[in-house]
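Take a look at the structure set out below.
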Amino acid sequence: MTAQGIQAQGIQTNAERSALATIKRGLALTPEFRKGLAGTLALAVVATAGKIIVPIAVQQTIDTGLKGGSPDIPYITRAVLVCAAAVVLTALAAYIMNVRLYKATESSLATLRVRGFRHVHDLSVLTQNSERRGALVSRVTNDIDQISNFMQWGGLMIIVAFGQLFVATVLMFVYSWQLTLLVWACFVPLIIALPRFQRLLSRAYTVVRERTGDMLAAVSESVVGAAVIRAYASERRTAERIDKAVNANRSAQVRAQTIVGFVFPLTEIVAALAIAGIVLLGVRLGLSGEITQGELVAFLFLVTLFVSPLQTATEVLNEAQNAVAGWRRILGVIDTPPDVADPGDDGVELPRGPISVSFDDVHFSYPGGTPVLREITLEIPPRSRVAVVGETGSGKTTFAKLLTRLMDPVSGRVTVDGHDLRDVRFSSLRERIVMVPQDGFLFDGTLEENIRYGKPSATTEEIGLAMTELGLADWLEGLPAALDTPVGQRGESLSAGERQLVALARAYLADPDLLLLDEATSAVDPATEVRIARALEGVTRGRTAISIAHRLSTAENADEVLVFDAGRLVQRGPHAELVTQEGVYADLHASWVSAAHS
Amino acid sequence: MATKVTSAVMRQGLRVLGVAVRTEKAVFTLAVLASAVYGGMTVASAWALGWATQYVVQPAFAQGDVASGAMWTGTFLILGAALLKAFGVAGRRILAGVIQYRMQARSRRDVTKQYLRLPLSWHHQHPTGQLLSNASADAEAAWAPLAPLPMAVGVIVMLVTAAVAMLFTDLVLALVGFLIFPAIAVLNLIYQRKLSPLATRAQQLRAEVSEIAHESFDGALVVKTLGREELETDRFRRRAHELRDANIAVGRVRGLFDPLLEALPTIGVLAVLAVGAMRLSGGSIDSGDLVQVAYLFTLLAFPIRALGWVLAELPRSVVGWQRVQAVLDATGSMEYGRASAGSTTPAALEVSGVSYAYGEAEVLHDVTFDVPAGRTVALVGPTGSGKSTLVQLLVRLVDPDAGQVLLDGVDLRELAYGGIAESVALVPQQTFLFDDSVRGNIALGLDAADEDVWAALRLAQAEGFVARLADGLDTRVGERGASLSGGQRQRLALARAVVRRPRLLILDDATSSVDPQVEAKILYGLRDAAEASTVVVVAYRMATIALADEVVYLDHGRIVDRGTHDELLLRCAGYRNLVTAYEREEAERAAMELPVEEEGVSA
């Protein structure tokens with residue numbers, strides 16, 4: 001695939017969409033979050049208001065309770081009790097608000113997660129392959145987690161911070177406008193500088209993420225490449241690479257931490273300046289009777305309300321940025337239209353029975369690439385047995401992918417039973433046409449679970465029967481736990497050939513009307529392969545069967561051979577006929593024969 | 001799984017922290033000092049405020065004037081305390097990070113060194129995913145409590161200073177503090193005990209959700225070709241909903257305890273005001289003292305929770321540490337001898353009485369055969385007959401349970417480290433490429449000239465496509481060679497072997513992803529160039545077998561027969577059955593062809 005192709009077909013980045021528009025679109029997709037949001041916010045306001053209880057209580061105690069020589073104990077007691085009740089009330093509000101917030105965010109993000117997951121599967125193979133697997137997984141894991149962190153902490157902090165600064169400022173104004181201006185004058189430069197610090201921090205974190213990725217990749221080589229590293233005595237070289245990546249990651253982490261370490265305490269210094277200023281200016285205002293002693297002391301407490309929002313501001317801004325990026329990425333997936341779309345309920349349902357296929361002047365090229373298939377026109381009658389041959393890169397696999405609608409042609413059309421493939425409902429298409437790819441991917445589970453994947457409703461007896469029909473019963477019995485044998489991650493506990501056998505059984509159990517084998521038994525030993533080929537021949541009688549293979553016998557046994565060369569269908573016909581003609585097939589045939597008999 | 005903050009977990013957790021403290025003694029001491037400055041200065045800043053209230057504010061309002069000396073002293077005290085505190089905070093944070101990240105990096109380096117040192121048989125017993133998470137997530141978790149640790153130590157300093165300061169101020173007010181602060185600590189402990197199992201479960205589910213996504217996206221082609229998108233989505237949805245519920249459960253606990261922990265110190269301040277007013281009327285304290293204690297409560301409310309953070313991380317840390325330690329404690333390394341295998345002539349290989357088992361299942365039984373120097377031997381056998389295991393023994397990726405493998409008469413185990421790699425090159429069935437350039441992948445540390453690399457590529461029939469790559473030999477192949485096709489990767493792996501001019505070349509079905517036409521070219525090229533090599537080749541294809549001087553036929557882990565292809569064809573039924581499968585099939589088909597065609601005519 002060309003680099004251009006990757007870009008053109010890739011998942012949308014949404015880079016041009018503004019942060020606000022991204023959040024708006026994100027929220028539009030999560031109705032669970034919007035529901036009851038107003039109530040949650042109202043509770044947040046109540047909870048925030050609790051922060052000014054202490055300064056008020058201090059002011060009241062000093063100004064009213066302690067006025068005139070001896071303290072007014074009953075008044076102070078009353079005031080303290082009222083305040084205590086307010087504290088309990090605001091704590092209760094905070095509790096309810098928290099629970100509502102967690103429920104709403106988690107529900108909405110779970111929906112978004114599942115939706116993103118589903119959409120990845122709906123994307124075409126071309127789009128899927130334009131992205132690293134890990135990156136796709138991140139969309140439905142880390143990216144969502146980042147949004148969740150933000151909604152439950154950062155986003156809340158923003159609301160709380162604004163609320164806190166607001167109520168504090170209002171109360172300050174009630175006490176003294178001069179001192180309020182003084183406090184703001186101290187904090188404004190810091191507030192202006194914060195986004196700058198945040199950018200610095202964000203850049204440092206970006207480097208950390210990159211280095212972490214490098215580190216993980218390097219570490220994985222020591223595990224995945226264990227055999228090659230030992231065979232080539234590359235332990236030292238690999239260890240050096242890993243150490244370098246691990247240390248680079250550590251340096252990046254320490255650097256980010258150093259920035260945090262310097263920025264974080266700045267707020268405390270500014271707060272101390274404000275407090276000193278309050279004392280200096282406050283006593284002068286007090287001398288001229290513009291402020292009471294209690295109000296002055298209350299100011300000292302109010303300044304502390306400025307500290308925590310500003311201290312966490314860089315962190316919050318950073319999380320906000322991550323969350324927006326996370327939203328962009330997950331929305332990028334959801335907003336990428338599947339270029340091979342399921343017509344769904346509008347589509348045609350194919351009745352069961354033998355399938356005919358026709359290609360009508362089909363062209364295919366990867367976006368921005370050179371043509372891979374050109375002017376393919378052909379008919380495959382129902383019940384026929386077709387072999388597809390040609391050198392690597394001749395377009396055989398592309399042909400298979402178009403026939404199974406893993407991709408759509410650039411021009412021309414592919415029809416089954418007279419219906420354009422694009423009009424056929426996926427549920428119907430996938431039931432009737434099944435391809436077995438060369439790489440027999442298995443899920444981590446038992447053999448039985450993997451085979452059942454072809455037909456979820458199949459009983460163990462049916463599976464056993466299918467294995468017998470395919471001539472695989474002997475092989476199965478030779479395994480330690482027969483059908484209960486665990487296959488390991490990606491099936492790696494089995495050999496490549498065994499994985500192919502399971503993949504074949506899985507497809508066979510699905511009972512399609514057209515079975516397409518893309519070098520599906522290339523890693524199996526010849527005796528087993530012949531046995532399977534023969535078994536398949538028996539069981540696919542009455543169905544359409546298409547095989548892509550490098551095998552002489554496959555071509556010989558076919559009703560028709562399709563010969564691909566450099567993206568064109570250059571020859572077609574039965575083996576007996578083609579072998580007598582001069583051309584690509586005769587050359588291929590000669591090389592097979594010499595390979596088999598030399 | 002250790003999910004609760006039990007005393008056993010606590011003890012283990014503290015032991016883990018002890019390891020870090022001992023390893024990073026100097027930095028840890030500095031971090032604690034910085035944190036102590038922070039703790040002390042937090043209390044001092046409250047005291048400075050009390051002082052200013054008492055000697056600046058109070059006289060101003062009471063007497064209507066203020067001594068400028070007191071005013072400047074107050075300002076100096078407030079700013080000085082804040083500045084020192086800021087230094088303490090910065091030092092504590094930065095140094096805590098240094099310790100944490102250094103320990104993480106240390107664990108990662110040690111763990112991966114161990115991966116590289118341990119024998120392949122150990123790798124076979126451990127799933128890839130587990131090993132990767134040992135080096136990443138577990139190494140991270142093990143040292144996570146180090147981040148808040150200096151702060152926690154600083155908080156203890158802070159609490160002691162505060163207690164002393166309050167005791168000096170007023171005994172009764174101190175009593176209020178002694179009630180409130182332990183209450184906060186206990187509440188926080190309860191909080192962490194309740195939270196920690198829930199958080200662990202959520203963490204676990206997060207990993208499972210990720211695993212499902214990984215596997216499902218890896219198998220996307222299967223999912224698509226069988227139309228199982230809905231089934232997969234259901235599988236994912238179930239786990240995603242479990243995760244949602246687990247996160248909500250975490251949220252309930254957080255939602256309850258966070259406001260409580262915030263309310264408690266506020267209640268404390270209110271209590272100080274009420275009690276303080278009474279003490280004030282009795283003349284035991286002055287208003288400066290009252291402000292100081294109330295302010296102290298405000299300042300202490302947050303840091304005191306750091307103690308809880310350390311505790312909260314402990315169970316996760318213990319689990320991470322144990323997993324990392326399990327890798328580091330794993331024994332059984334390959335021991336190397338001192339013998340050298342250096343020579344330029346083709347090597348002679350001898351396998352004598354070799355048996356090998358994976359756990360219980362013996363896959364090779366008493367295997368004996370030899371490959372004379374300069375000869376080519378084909379290892380043939382049905383799927384699962386033990387060929388790949390045998391190959392691993394030949395290059396000493398694993399050692400036999402019984403018997404010996406000898407290279408030029410020397411047991412492989414007696415050769416010095418690197419000796420085998422100098423003489424023997426293996427091209428395995430599963431190609432592995434490093435995230436490096438084409439050149440780097442082929443040279444693999446060997447000091448090979450470009451023309452030698454190109455010559456190897458030519459032999460592997462890879463010259464053409466490498467020349468067409470954007471940066472030629474310098475093109476990076478991506479993680480595990482992701483940017484190349486299977487056949488291309490296989491050819492690079494082949495070039496990697498031949499560039500070393502090995503004395504013994506071992507091909508384990510190494511051309512399976514390559515076209516037969518290309519394969520034939522490669523094999524003929526090898527035969528011509530491999531005059532200086534002994535070759536062992538695992539194969540099914542006749543073309544490959546035909547290149548061999550001799551065939552060793554393996555079935556169910558035993559050598560059934562050996563001889564030339566023609567000899568075996570005559571006397572070994574299993575072999576005949578395997579290699580002539582296609583021909584027989586062809587012949588039978590030809591015999592059946594007639595009636596089928598007649599049928600066609602009559603129909």
Side-chain angles (χ1 to χ4, degrees), chain A residues 54 61 71 76 80 84 87 91 94-95 98-99 102 106 110 113-114 117-118 121 133 136-137 140-141 219 222-223 225-226 228 230-235 237 242 246 250 253 257-258 261 265 268-269 272 276 279 283 286 293 392 430 435 437 441 497 525-527 530 550 553 591 595-596 598, chain B residues 52 60-61 66 75 78-79 82 86 89-90 93-94 97 101 105 108 112 115-116 123 131 135 210 213-214 217 219 222 225 227 229 233 236-237 240 244 247-248 251 255 259 263 266 269-270 273-274 277 281 382-383 395 397 418 421 426 432 444-445 515-517 542-543 546 578 581-582 585:
Chain A
V54 164
T61 305
I76 293 176
V80 163
V87 168
Y95 169 62
N98 278 334
V99 172
Y102 267 90
E106 286 301 326
R113 211 191 276 277
V114 173
F117 177 89
R118 176 58 207 248
H121 273 304
R133 284 285 180 264
L136 282 177
V137 172
V140 295
T141 54
V219 165
S222 71
V223 176
V228 169
R230 278 163 186 70
Y232 287 85
S234 308
E235 286 93 340
R237 181 171 177 269
I242 293 173
V246 167
R250 184 205 57 206
Q253 284 171 318
Q257 187 65 21
T258 305
E268 304 248 13
I269 296 176
V279 172
V283 292
Q293 189 187 345
T392 301
R430 301 289 177 225
M435 171 166 90
F441 179 90
D525 73 68
V530 165
H550 290 307
S553 59
S591 80
S598 59
Chain B
F61 282 89
V66 58
T75 309
I78 290 169
L79 288 181
V89 171
R93 286 193 154 234
I94 295 168
Y101 299 132
R108 286 185 174 133
T112 46
Y115 289 165
L116 293 170
H123 279 261
L131 297 186
S210 169
H214 247 292
F217 293 168
V222 174
T225 49
E229 289 89 346
T233 309
F236 184 77
R237 185 183 291 122
R244 175 197 63 195
N247 278 340
I248 292 177
T266 313
V269 175
L270 295 175
L273 289 178
S281 70
T383 306
V395 289
L397 289 177
L426 164 74
F432 178 83
L444 267 195
D515 272 347
Q517 295 83 351
M542 281 295 287
L578 190 75
Y582 298 136
E585 220 244 333

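Every value quoted in this text rests on a predicted model; they were computed, and no experiment measured them. The figures here come from the full heavy-atom set of this structure, side chains too, leaving out hydrogens, waters and symmetry mates. In the text below, chain A, chain B and the rest are named by the order of the sequence lines, each starting its count at 1.
Chosen from A:Q257, A:Q253, A:M435, the residue pairing most often with chain B at heavy-atom distances under 4.5 Å is A:Q253. Among the candidates B:V89, B:L131, B:L273, the residue making the largest number of heavy-atom pairs closer than 4.5 Å to chain A is B:L273. Looking only at heavy-atom pairs under 4.5 Å with chain B, the residue among A:P437, A:A94, A:S222 that has the most is A:S222. In terms of non-hydrogen atom pairs under 4.5 Å with chain B, the most contact-rich of A:V279, A:T258, A:T141, A:V99 is A:T258. Contact tally against chain A (heavy-atom pairs below 4.5 Å) for B:G227, B:G219, B:A263, B:A240: the top residue is B:G219. No other option in A:R250, A:R230, A:E268 has as many heavy-atom pairs under 4.5 Å with chain B as A:R230. With respect to chain A, the highest number of heavy-atom pairs below 4.5 Å among B:T75, B:V269, B:L578 belongs to B:L578.
A donor-acceptor pair under 3.5 Å is absent between the side-chain atoms of B:E229 and the main chain of A:R118, judged by distance alone.
Using a 4.5 Å cut-off between heavy atoms, B:H214 contacts chain A through both its backbone and its side chain.
Closest of all the heavy-atom pairs between B:I78 and A:A272 is CG2-O, 3.7 Å. Closest heavy-atom contact between B:L397 and A:A231: CD2-N, 3.7 Å.
With sequence neighbours excluded, the residues satisfying side chain to side chain contact (heavy atoms under 4.5 Å, CB included) with B:A86 are A:P265, A:I269. Residues passing the ring-ring contact (aromatic ring centres under 6.0 Å, His included) test with B:F61: none are found, sequence neighbours excluded.
Here the side chains of A:F117 and B:T233 are in contact, with some heavy-atom distance below 4.5 Å.
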